[in-house]
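The structure under discussion appears below in the form of structure tokens.
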Amino acid sequence: MSKLISKWNYPTTVRFGAGRIKELPEVLAATGIKRPLFVTDPGLAKLPVVASTLKILDDAKVPYGVFSEVRPNPVESNLTAGIAVFKKGKHDGVIAFGGGSALDLGKLIAFQAGQVRPVWDFEDVDDWWTRANSDAIAPIIAVPTTAGTGSEVGRAGVITNEATHTKKVIFHPKLLPAIVIADPELSVGMPGFITAGTGMDALAHCLEAYCAPGYHPMADGIAVEGVRLVFENLPKAYANGKDLVARAHMMSAAAMGATAFQKGLGAIHSLSHPVGALYDTHHGMTNAVFMPYVLAFNRDPIEERIARLAAYCGIKGGFDGFAKAIIKLRKELKVPHALPGLIKGLDMDKKRKALIADMAVVDPTAGGNPVKLTKKAALTLLENAIAGTI
């Protein structure tokens with residue numbers, strides 16, 4: 001009997017292309033949302049891209065509220081505040097607008113506002129999602145303005161538990177937005193640091209999904225093309241933020257990464273999550289720092305797969321050539337080679353290192369790593385990333 005047994009899911013309707021944000025009122029009508037809460041982050045809320053989007057709603061005479069109390073790594077207090085605004089304004093849906101943080105929190109507000117159990121009861125563990133009242137989940141429209149997390153096509157949201165300083169993945173099928181507007185014009189004003197970090201996040205998603213064990217040829221195919229798109233377009237988008245073609249391809253790569261990683265992620269993410277929770281670092285940039293160290297650690301079981309990936313991307317030299325291409329890309333994007341370049345004044349004692357290693361091995365993404373991530377291995381990877389030794 002064949003052992004090729006798996007379960008596959010693919011995402012939602014995506015209205016892709018420059019200028020499609022103008023269709024927002026039509027999308028609201030299609031999803032039945034009459035009084036949306038517009039969720040974004042505080043930095044984005046001050047920019048013209050938000051003002052112009054809200055004007056579209058004003059011109060269409062759509063009543064809405066705005067919530068922008070979103071930290072770069074969203075925490076429960078952000079969620080509580082957002083739910084309060086959602087209920088007070090008698091909103092019936094959410095427009096999640098921005099990068100991964102705003103998208104995740106917007107989705108979680110729509111999800112959690114109608115629940116009676118704490119959000120931690122819906123962590124992505126076993127079938128905990130079945131505890132939720134599905135009928136009480138408000139519809140979601142997602143509008144990404146960065147090209148990294150792919151949260152717009154995901155059925156989960158990430159939130160940090162402030163009490164334990166751990167990132168938790170909350171899952172429910174209805175966290176998947178009803179409709180996505182993927183308009184690359186919205187990402188034109190993205191700063192270089194964010195372009196690099198979010199782009200490397202998309203690459204991490206595609207790369208780890210491709211390397212994760214298990215049978216999922218559709219996810220593999222999407223991941224491979226996503227990797228190629230990042231290598232070809234991220235340097236262009238970073239060098240010229242107004243390159244709409246590069247921006248569009250990166251927006252595609254981000255959604256592709258999040259679609260592919262239903263197959264699994266790995267140690268890049270399981271190490272990045274605790275570091276981000278403890279030091280409030282940019283998630284994508286943290287992934288970028290850890291990437292070459294984890295790639296080297298996983299070499300034995302993935303060498304042939306990476307050689308095929310390298311060939312598809314036009315990279316010579318098999319695994320070694322691909323590893324060098326990662327280093328070259330990071331240099332082009334000014335990604336710090338080691339953690340001290342990312343975290344100023346980093347002074348990590350043995351207790352803190354042990355805590356990060358403990359958190360990494362129990363992170364939900366650790367199970368998708370091609371090599372079992374033990375505490376010893378996590379400590380070694382962390383030490384390498386601090387010292388800059390690959």
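No hydrogens, no waters, no symmetry mates; every other heavy atom, side chains included, goes into these values.
Follow the hydrophobic side-chain contacts under 4.5 Å out from Val230 and you reach Tyr312 in the same cluster. Linking Ile, Leu, Val, Met, Phe, Trp and Tyr residues whenever their side-chain heavy atoms come within less than 4.5 Å leaves Tyr64 and Leu103 in two separate clusters. Residue Ile33 is grouped with residue Ile56 when hydrophobic side chains (ILVMFWY) are merged at heavy-atom distances under 4.5 angstrom, including chains of intermediate members. Each of Tyr210 and Tyr215 belongs to its own hydrophobic cluster when Ile, Leu, Val, Met, Phe, Trp and Tyr are linked at side-chain heavy-atom distances under 4.5 angstrom. There is a path of hydrophobic side-chain contacts, each under 4.5 Å, that joins Leu295 to Val289.
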Check your understanding: Can Ser101 and Asp41 be said to form a side chain to side chain contact (heavy atoms under 4.5 Å, CB included), step by step?
Key -> CA-CA 8 Å; Ser101 301; Asp41 67 64; 5.8 Å; no
Practice item. Could you give me the CA-CA distance, side-chain angles and deciding distance for Phe297 and Asn369, then say whether side chain to side chain contact (heavy atoms under 4.5 Å, CB included) is met? Key: CA-CA 10 Å; Phe297 171 71; Asn369 202 63; 3.8 Å; yes
Practice item. List the steps and the verdict of side chain to side chain contact (heavy atoms under 4.5 Å, CB included) for Glu26 and Arg15. Key: CA-CA 11 Å; Glu26 179 186 327; Arg15 298 193 182 201; 2.9 Å; yes
**Study point:** Residues Ile159, Leu108; criterion side chain to side chain contact (heavy atoms under 4.5 Å, CB included); working and verdict
**Key:** CA-CA 9 Å; Ile159 187 166; Leu108 289 172; 3.9 Å; yes
Point to revise | Criterion side chain to side chain donor-acceptor pair (under 3.5 Å) on Asn287 and Ser272, from CA distance to verdict | key: CA-CA 6 Å; Asn287 280 342; Ser272 179; 3.1 Å; yes
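Considering CG of Leu244 and NE2 of His249, their distance stands at 11.0 Å, rounded to 0.5 Å. Atoms CZ and CG, from Arg228 and Leu203 in turn, are 13.5 Å apart once rounded to the nearest 0.5 Å. We find the CD-CD1 distance between Glu332 and Ile327 to be 12.5 Å, quoted to the nearest 0.5 Å. Atom CE of Met218 and atom OG1 of Thr259 lie 11.0 Å apart (nearest 0.5 Å). Between the OG atom in Ser270 and the CG atom in Leu373 there is a gap of 5.0 Å [rounded to 0.5 Å]. Once rounded to the nearest 0.5 Å, the distance linking CD of Glu152 with CD1 of Ile141 reads 14.0 Å.
Every residue meeting the ring-ring contact (aromatic ring centres under 6.0 Å, His included) condition with His337, not counting sequence neighbours, appears here in chain and number order: Tyr293. In terms of the side chain to side chain contact (heavy atoms under 4.5 Å, CB included) criterion, residue partners of Ala219 (sequence neighbours excluded) are, by chain and number, Tyr10, His216, Ala260, Lys263. Take Arg117 and apply the side chain to side chain contact (heavy atoms under 4.5 Å, CB included) test, not counting sequence neighbours, and it matches Asp121, Phe122, Arg131. Scanning for ring-ring contact (aromatic ring centres under 6.0 Å, His included) contacts around His269 gives His205, His273, His283, with sequence neighbours left out. Partners of Asp183 according to the side chain to side chain contact (heavy atoms under 4.5 Å, CB included) rule, which considers only residues two or more places apart in sequence or in another chain, are Ala18, Ile21, Ile181, Glu185, Leu186.
A heavy-atom distance below 4.5 Å is found between the side chains of Phe322 and Leu309. When side chains are defined from C-beta on, Thr160 does not count as touching His165, because their heavy atoms never get closer than 4.5 Å. Contact check for Val94 versus Pro36: no side-chain heavy atoms found under the 4.5 Å cut-off. A 4.5 Å side-chain heavy-atom check between Leu234 and Met200 finds at least one atom pair inside the cut-off.
With hydrogens and angles left out, the side-chain atoms of Ser151 and Asp104 include a donor and acceptor closer than 3.5 Å. For the residue pair Thr145 / Ser187, no side-chain donor-acceptor distance below 3.5 Å is found, with atom types taken as modelled. In this model, a donor atom of one side chain and an acceptor atom of the other lie less than 3.5 Å apart for Arg247 and Thr195.
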Donor-acceptor contacts under 3.5 Å from residues 168-177 side chains, at least two apart:
from: His172; atom 1: ND1; to: Lys174; atom 2: N; distance (Å): 3.0
from: His172; atom 1: NE2; to: Ser134; atom 2: OG; distance (Å): 3.2
from: Lys174; atom 1: NZ; to: Ser134; atom 2: O; distance (Å): 3.2

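Taking the centre and axis of the six-membered ring of Tyr279, the NZ or CZ atom of Arg352 falls inside the cone set by 45° and 6.0 Å.
Other residues, nucleotides and ligands contribute over 12 non-hydrogen atoms within 6.0 Å of the NZ atom of Lys353. In the displayed structure, Asp59 atom CG is contacted under 6.0 Å by more than 12 heavy atoms of other residues, nucleotides or ligands.
Here the side chain of Asp92 pairs a donor or acceptor atom with the backbone of Lys34 at under 3.5 angstrom. At least one donor-acceptor pair under 3.5 Å links the side chain of Arg330 to the backbone N or O of Ala288. Side-chain atoms of Thr31 come within 3.5 Å of backbone N or O of Val27 as a donor-acceptor pair. Side-chain atoms of Asn78 come within 3.5 Å of backbone N or O of Glu69 as a donor-acceptor pair. Judged by distance alone, with hydrogens and angles left aside, the side-chain atoms of Thr374 form a donor-acceptor pair with the main-chain N or O of Ala377 at under 3.5 Å. Of the possible polar contacts, one joining the Asn233 side chain to the Leu229 backbone as a donor-acceptor pair under 3.5 Å is found.
Each of Leu24, Val39, Leu37 was evaluated against Ile95; a single residue qualifies, Leu24, per the side chain to side chain contact (heavy atoms under 4.5 Å, CB included) test.
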